[in-house]
Amino acid sequence: MTTTIDDLDSEDAKLVTLARSARARTGAAEGAAVRDTIGRTYAAATVELPSLSVTALQAAVVAAVSSGAEGIEAAVIVGESAEITAASASAVRDLTPDAPIYLVDLSGTVVDKTP
């Protein structure tokens, strides 16, 4: 059975919208969004500079942590990738080992989810 964003709960679907917006706003390969353990959300896009390369999810986690987040409740990546990279997953796992991470393709299909 294929899972789409319509199958996600409303709070996780909101993360998809935020991640899509971050990607569209910047033209980056990926957009990501996270929700911290008190319900605040943070969105970011992939950063590719000559001196710095950060995945969208890493950037969203950095935004959350720099705003005082102590944990991640859920995370979403939107892009063309077929898998969640280790670097992206590690950013979330450093704070919350069991937070779900959803990878959503451009059509809105959930192509991967880590528990």
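If you read the sequence from its start, that first residue is 1, and numbering goes on from there.
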For [X], enumerate each residue passing the side chain to side chain donor-acceptor pair (under 3.5 Å) test, keeping only those at least two apart in sequence or located in another chain.
X: Arg25; answer: none
X: Glu83; answer: none
X: Thr37; answer: none
X: Thr26; answer: none

Give every residue pair that meets the side-chain hydrogen bond (donor to acceptor under 3.5 Å, both in side chains) criterion with at least one member in residues 65-82, sequence neighbours excluded.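 side-chain hydrogen bond (donor to acceptor under 3.5 Å, both in side chains) check on residues 65-82 returns Arg35-Glu73.
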
Which pairs count as side-chain hydrogen bond (donor to acceptor under 3.5 Å, both in side chains) when at least one residue sits in residues 85-94, sequence neighbours excluded?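 Matches after skipping sequence neighbours: Thr55-Ser88, Thr85-Ser88, Arg93-Thr114.
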
Set of side chain to side chain contact (heavy atoms under 4.5 Å, CB included) partners for [X], sequence neighbours left out:
X: Val47; answer: Leu49, Leu52, Val54
X: Asp9; answer: Glu11, Asp12
X: Ala19; answer: Ala33, Val76, Val78

Please name the pair of heavy atoms, one in [X] and one in [Y], separated by the smallest distance, quoted to 0.1 Å.
X: Ala22; Y: Ala43; answer: CB-CB, 4.2 Å
X: Ala45; Y: Ala59; answer: O-CB, 3.9 Å
X: Gly31; Y: Ala56; answer: C-CB, 3.8 Å

Counting N and O atoms only, with roles assigned by atom type, does the side chain of Arg23 sit under 3.5 Å from a partner on the main chain of Ala29, one being a donor and the other an acceptor?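 Flag set: sc Arg23 to bb Ala29 pair under 3.5 Å.
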
State plainly whether one hydrophobic cluster holds both Leu106 and Tyr102, where clusters connect Ile, Leu, Val, Met, Phe, Trp and Tyr through side-chain heavy atoms under 4.5 angstrom apart.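 Hydrophobic grouping puts Leu106 with Tyr102.
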
By salt bridge (charged side-chain N to carboxylate O under 4.0 Å, His left out), which residues pair with Arg40, not counting sequence neighbours?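 By the salt bridge (charged side-chain N to carboxylate O under 4.0 Å, His left out) rule, Arg40 matches Asp36.
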
Output the rest of the hydrophobic cluster of Tyr42: all Ile, Leu, Val, Met, Phe, Trp and Tyr residues reachable through side-chain heavy-atom contacts under 4.5 Å, sorted by chain and number.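 Val34, Leu57, Val61, Val65, Ile72, Ile77, Ile84, Val92, Leu95, Ile101, Leu103, Val111, listed by chain and number.
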
Please list all pairs meeting salt bridge (Lys or Arg N to Asp or Glu O under 4.0 Å) that have one or both residues in residues 100-115, counting only residues at least two apart or in different chains.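 The answer is none; no pair qualifies.
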
Does Val110 reach the side chain of Asp7, with side-chain heavy atoms less than 4.5 Å apart?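 Answer no - side chains too far apart.
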
